[in-house]
Amino acid sequence: MKDDLLNHFNIQGFQENLIAWYQANKRNLPWRENQDPYRVWVSEIMLQQTKVDTVIPYFQRFMEKFPDVYRLASADEQDVLKAWEGLGYYSRARNLQSAVREVVSEYDGKIPDNKEALGKLKGIGPYTKGAILSIAFQQPEPAVDGNVMRVLSRVLHITDNIAEAKVKKQFEPIVTKMISKEDPSSFNQGLMELGAMVCTPKSPLCLFCPVQEYCRAFLKGDQENLPIKSKAKKPKKVAYIALLLKQGKEKIIIEKRKEQGLLANLWQFPMIPSKGKTVHEAEEWFEAKYGWAIQIGKHAGKLKHVFTHLIWELEIYEADVLYAPKKSKLKSVNIHELSQYPFPVSHQKMMKYLH
DNA sequence: AAGCCGGGGCG
DNA sequence: CGCCCAGGCTT
């Protein structure tokens with residue numbers, strides 16, 4: 001990336017227009033009620049990879065349940081995951097709680113206001129660190145997210161591939177040069193708000209843009225072609241038989257997922273990798289793995305669930321328990337108790353096939 | 001540097 | 001339905 005990008009750029013004019021526009025047009029969002037570092041932190045973690053409209057109700061409920069670092073630190077992880085249920089990227093919730101516990105034990109419950117300590121906390125990377133420092137503590141630190149990269153690649157006509165780590169990194173010194181020292185919070189939030197409301201990925205509303213006069217892409221009519229970004233590769237398909245496994249009339253069998261990896265520590269209905277398996281072989285696989293004898297019955301439906309790098313193709317079957325061992329990693333619960341456990345969305349959809 | 005982590009919205 | 005969005009951690 002060229003290092004003279006800002007040589008003939010009117011930084012002060014850009015700052016003034018951006019901040020004035022932000023002050024006049026910012027949305028009233030729950031995490032903007034005050035600058036409480038804890039609220040800023042929680043909101044920024046939730047907002048990673050997640051749209052504002054999706055986050056709002058989760059944020060409200062989360063703040064009622066866990067209003068401060070002490071309440072979150074002392075909570076049961078399953079309750080935290082339950083509050084995160086449906087939001088996705090569940091490691092965010094587990095890392096947040098782990099980091100909050102560190103704040104309580106190492107920093108007397110005070111969220112650090114310096115980048116060294118803040119950046120070491122679990123789940124706080126370069127973006128979140130900058131967002132907390134600028135929004136909660138008014139420090140002139142860059143907070144480069146996808147919105148900021150899109151806005152700046154247009155304004156400065158940057159044509160490097162923003163999917164590359166080294167290109168992402170180069171936005172930080174640029175923002176450091178551009179950021180308002182008087183109001184870094186409004187500057188960073190203004191960039192992100194502009195990216196969300198005006199400088200959108202498709203059909204940006206350049207006619208309403210407060211920094212149109214500073215935008216090199218607009219000058220060239222090139223805004224629709226920026227940023228340059230290579231595409232992710234296609235996710236792999238994985239087929240499963242997913243079981244609505246009943247034990248008597250009232251009980252249903254669920255299991256807790258592993259501590260690591262996909263959907264860690266969430267609950268699910270038992271799943272059998274089904275590639276090339278007959279239903280009978282699936283029953284045998286299940287008995288070999290869990291020690292439970294089961295009989296797979298009626299095919300109840302199918303679900304497709306798309307993750308970033310994976311597609312689950314679930315064939316849903318009803319099944320009955322023929323024999324259950326005394327001790328097992330499977331759990332038998334009353335159907336009415338299912339709502340107490342955190343389930344991924346794919347398995348929440350499976351519940352519709354229960355009767 | 002590349003792969004792993006969810007879920008929702010849009011056309 | 002396919003396509004787009006996108007921080008942080010792990011390998």
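Just so you know, these numbers use all the heavy atoms, side chains as well, and skip hydrogens, waters and symmetry mates. Values in this document were obtained by computation on a predicted structure and should not be read as measured data. Here is how names work: the chains are called A, B, and so on, in the same order as the sequence lines, proteins then strands, and each is numbered from 1.
Here A:Leu263 lies in heavy-atom contact (under 4.0 Å) with sugar-phosphate atoms only. A:Ile124 comes within 4.0 angstrom of the backbone, heavy atoms only, and of no base.
One atom, CZ of A:Phe171, and another, P of C:dG7, lie 12 Å apart when rounded to the nearest Å. If you take CD of A:Glu313 and P of C:dC1, they are 11 Å apart, rounded to a whole angstrom. As rounded to whole Å, 9 Å separates atom P of B:dG6 from atom CH2 of A:Trp312. Put simply, CD on A:Gln268 is 15 Å from C1' on B:dG6, counting in whole angstrom units. When rounded to the nearest whole Å, the span between CG of A:Leu266 and C1' of B:dC5 equals 12 Å. In this structure, CD of A:Glu224 is placed 14 Å from C1' of C:dC4, rounded to the nearest angstrom. In this structure, the CG atom of A:Leu47 is 12 Å from the P atom of C:dG8, given to the nearest Å. Residue A:Leu303 contributes atom CG, which lies 13 Å from atom P of B:dG7 at whole-angstrom precision.
When the shell of 6.0 Å around OH of A:Tyr70 is examined, it contains more than 12 heavy atoms from other residues, nucleotides or ligands.
Going from the P atom of B:dG11 to that of C:dA6 covers 16 Å, rounded to whole Å. Rounded to a whole angstrom, the distance from the P atom of B:dC5 to that of C:dC5 is 23 Å. For C:dT11 and B:dG6, the P atoms lie 15 Å apart once the distance is rounded to whole Å.
For the pair A:Arg61 and A:Tyr58, the cation sits on the ring face: its NZ or CZ lies under 6.0 Å from the ring centre, inside 45° of the axis.
Phosphate proximity of B:dA1 to A:Lys168: absent, as no side-chain N or O sits under 4.0 Å from OP1 or OP2. Of the side-chain N and O atoms in A:Arg150, one or more sit less than 4.0 angstrom from OP1 or OP2 of C:dA6. Within the 4.0 Å cut-off from OP1 or OP2 of B:dG7, not a single side-chain nitrogen or oxygen of A:Lys51 is found. In this model, the phosphate group of B:dG7 is approached by a side-chain N or O of A:His305 to a distance below 4.0 Å at OP1 or OP2. Close to C:dC5, at under 4.0 Å from its OP1 or OP2, lies a side-chain N or O of A:Lys229.
Nearest-nucleotide mapping onto DNA chain B: of A:Tyr58 and A:Leu310, the residue sitting toward the 5' end is A:Leu310. Between A:Tyr89 and A:Lys202, the one whose closest nucleotide on DNA chain B sits nearer the 5' end is A:Tyr89. Two residues, A:Ala232 and A:Leu121, neighbour DNA chain C, and the one matched to the more 5' nucleotide by heavy-atom proximity is A:Ala232.
At a cut-off of 3.5 angstrom, the base of B:dG6 holds at least one donor-acceptor pair with the side chain of A:Thr308. For C:dG7, its base sits under 3.5 Å from the side chain of A:Gln49 at one donor and acceptor pair at least.
With distances taken from any side-chain atom of A:Lys304 to the nucleotides C:dG7, C:dG2, B:dC5, the minimum falls on C:dG2. Proximity note for A:Thr128 (side chain, C-beta onward) versus C:dC5, C:dG8, B:dG6: the nearest is C:dG8. Minimum atom distance to the side chain of A:Lys234 is reached by C:dC3, of the listed C:dC3, C:dC5, B:dC5. Relative to the side chain of A:Lys166, the nucleotides B:dG8, C:dC4, B:dA1 differ in distance, and B:dA1 lies closest. Here the side chain of A:Asn95 is nearest to one of C:dC9, B:dG7, B:dC5, namely C:dC9. Taking every side-chain heavy atom of A:Tyr90 into account, B:dG7 is the closest of B:dG7, C:dG7, C:dA6. Relative to the side chain of A:Lys233, the nucleotides B:dG3, C:dG8, C:dC5 differ in distance, and B:dG3 lies closest. Closest to the side chain of A:Phe307, from the set C:dA6, B:dG7, C:dG7, is B:dG7. Candidate nucleotides C:dG7, B:dG6, C:dC4 were compared by shortest atom distance to the side chain of A:Asp145, and C:dG7 ranks first.
Annotation: A:Trp292 is not in aromatic contact with A:Phe286 [ring centroid separation under 6.0 Å not met]. Aromatic rings from A:Phe307 and A:His309 are positioned such that their centres are separated by 6.0 Å or more.
The aromatic rings of A:His347 and A:Phe269 lie parallel to each other, their planes meeting at an angle below 30°, with 60° marking the opposite boundary.
Taking CG of A:Leu266 as the reference point, atom CD of A:Glu85 lies at 7.5 Å (rounded to 0.5 Å).
Of the possible donor and acceptor atoms, none in the side chain of A:Gln189 sits under 3.5 Å from a partner among the backbone N and O of A:Ser186.
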